[in-house]
Number of protein chains: 2
Amino acid sequence: MKQKPHTHAPPNLEHFRTLLHQHMVKKGLRSTDQRRLIVETFFGAPNHVSIEELLAQVRARDPKVGYATVYRTLKLLAECGVALERRFGDGLTRYELADEQSHHDHLICVECDKILEFEEDRIEVLQDEIAKKYGYILKSHKHEMYGVCPECQAKASRARKN
Amino acid sequence: MKQKPHTHAPPNLEHFRTLLHQHMVKKGLRSTDQRRLIVETFFGAPNHVSIEELLAQVRARDPKVGYATVYRTLKLLAECGVALERRFGDGLTRYELADEQSHHDHLICVECDKILEFEEDRIEVLQDEIAKKYGYILKSHKHEMYGVCPECQAKASRARKN
DNA sequence: ATGTGTGCAAAGAGTTTGCACAGCC
DNA sequence: GGCTGTGCAAACTCTTTGCACACAT
């Protein structure tokens with residue numbers, strides 16, 4: 001038993017499928033091949049997928065899916081609380097599962113753009129406290145720290161010696 | 001003496017002017033009317049100015065400044081550490097003073113897009129701790145919490161009664 | 001005099017939209 | 001059958017770039 005309590009648990013996909021289904025019923029939306037394919041691909045994709053990456057994966061299975069459909073489906077997922085839209089510094093919109101359990105935050109290297117995820121309960125707790133203080137009902141958050149990763153620090157100090 | 005320790009102190013503009021000047025000398029860049037005007041307008045502008053807003057203010061003083069110049073100058077400010085580039089959810093790039101002293105974070109209403117700033121030392125402390133744990137040298141951070149503000153909550157509950 | 005900075009307009013990148021046809025309920 | 005969804009291409013928005021001229025140094 002070496003697992004720590006916050007090691008990523010597999011996300012509860014059923015919960016999200018239900019959420020999506022309810023939203024679609026409520027709005028009278030239809031279940032199509034493309035939507036199912038895109039949604040399942042999204043569920044199976046790594047965190048922070050860009051539309052481009054997702055489209056590539058979708059087209060591997062069905063080459064004639066248009067990118068507009070991917071955009072529209074991801075918007076839909078964002079609307080019903082299944083996905084979270086995120087923009088880091090690179091001008092791309094990325095999506096991640098709105099997984100309440102894994103509220104990971106990000107440490108981003110300003111040199112090599114590597115993204116490291118971390119979780120820190122004490123920050124979550126503080127956030128809830130702050131939201132309450134200002135009377136907000138919290139829906140989500142982004143916490144990104146920008147810095148130089150150990151590898152790039154080493155690279156830089158090596159370069160300085162030459 | 002009702003002031004709390006974290007009420008915004010006026011930013012130390014001299015420090016930023018020096019930073020910018022050194023950067024320009026080092027890179028052999030030139031001081032022009034437009035750059036001075038844009039930089040000073042930025043210094044006097046509210047936090048989170050968009051390019052559009054800044055351009056409007058700049059043109060109020062000199063109508064023939066092109067928007068490309070504003071983009072280029074803000075990029076310059078970001079490069080030399082005077083300004084921070086930020087993207088919230090609205091697809092616009094906004095800039096703010098890279099004021100180390102006022103490391104405020106943001107509470108953003110998902111209904112009305114209002115942005116509330118707050119400061120919380122304990123979060124800053126935790127961040128430093130986390131960065132150290134992963135060996136990162138921290139340069140900056142973004143911390144945005146998304147939720148429903150008290151006004152919009154009231155509006156929503158009023159609407160529910162009708 | 002040299003070379004950077006500017007303004008304009010055009011090009012790019014990412015995203016959204018209009019439309020005719022396809023396909024779900 | 002009616003109405004939503006799709007794919008395509010065009011439109012849009014924000015940002016970047018190329019170029020000829022202006023202007024710091």
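By convention in this document, chain letters (A, B, ...) are assigned in the order of the sequence lines, proteins followed by strands, and residues within each chain are numbered from 1. Because only heavy atoms are used, hydrogens play no part in the values below, and waters and symmetry mates are left out as well, while side chains stay in. Here the structure is a predicted model, which is why all the values come from computation and not from measurement.
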Original post:
Is any side-chain N of the basic residue among A:Asp62 and A:Lys64 closer than 4.0 Å to the acidic one's carboxylate O?
Top reply: yes
Original post:
Just to confirm, is there a sub-4.0 Å distance from OP1 or OP2 of C:dT15 to any side-chain nitrogen or oxygen of A:Thr93?
Top reply: yes
Original post:
Closest to the B:Lys75 side chain: D:dG7, D:dT16, C:dT15?
Top reply: D:dT16
Original post:
Between A:Arg86 and A:Glu144, does at least one N-O distance fall below 4.0 Å, as a salt bridge requires?
Top reply: yes
Original post:
Taking the side chain of A:Ala68 as heavy atoms from C-beta outward, which of D:dT6, D:dC14, C:dT17 is closest to it?
Top reply: C:dT17
Subject >> C:dT15 OP1/OP2 closer than 4.0 Å to side-chain N/O of A:Tyr71 >> reply: yes
Original post:
According to a strict under-4.0 Å criterion, is A:Thr32 in side-chain N/O contact with OP1 or OP2 of D:dG5?
Top reply: no
**OP:** Give the ring-plane orientation class for B:His141 versus A:His143, where under 30° counts as parallel, over 60° as perpendicular and anything between as tilted.
**Re:** perpendicular
**OP:** Respond yes when some side-chain nitrogen or oxygen of A:Arg35 is under 4.0 Å from OP1 or OP2 of D:dG5, and no when none is.
**Re:** yes
Original post:
Nearest to the side chain of B:Tyr67 - D:dA9, C:dA9, C:dC25?
Top reply: C:dA9
Original post:
Nearest of D:dT25, D:dT6, D:dG2 to any side-chain atom of B:Arg30?
Top reply: D:dT25
Subject >> N/O (side chain, A:Gln34) to phosphate O (OP1/OP2, C:dG23) under 4.0 Å >> reply: no
Original post:
Of the candidate nucleotides C:dT17, C:dT2, D:dG5, which contains the atom at the shortest distance from the side chain of A:Arg72?
Top reply: C:dT17
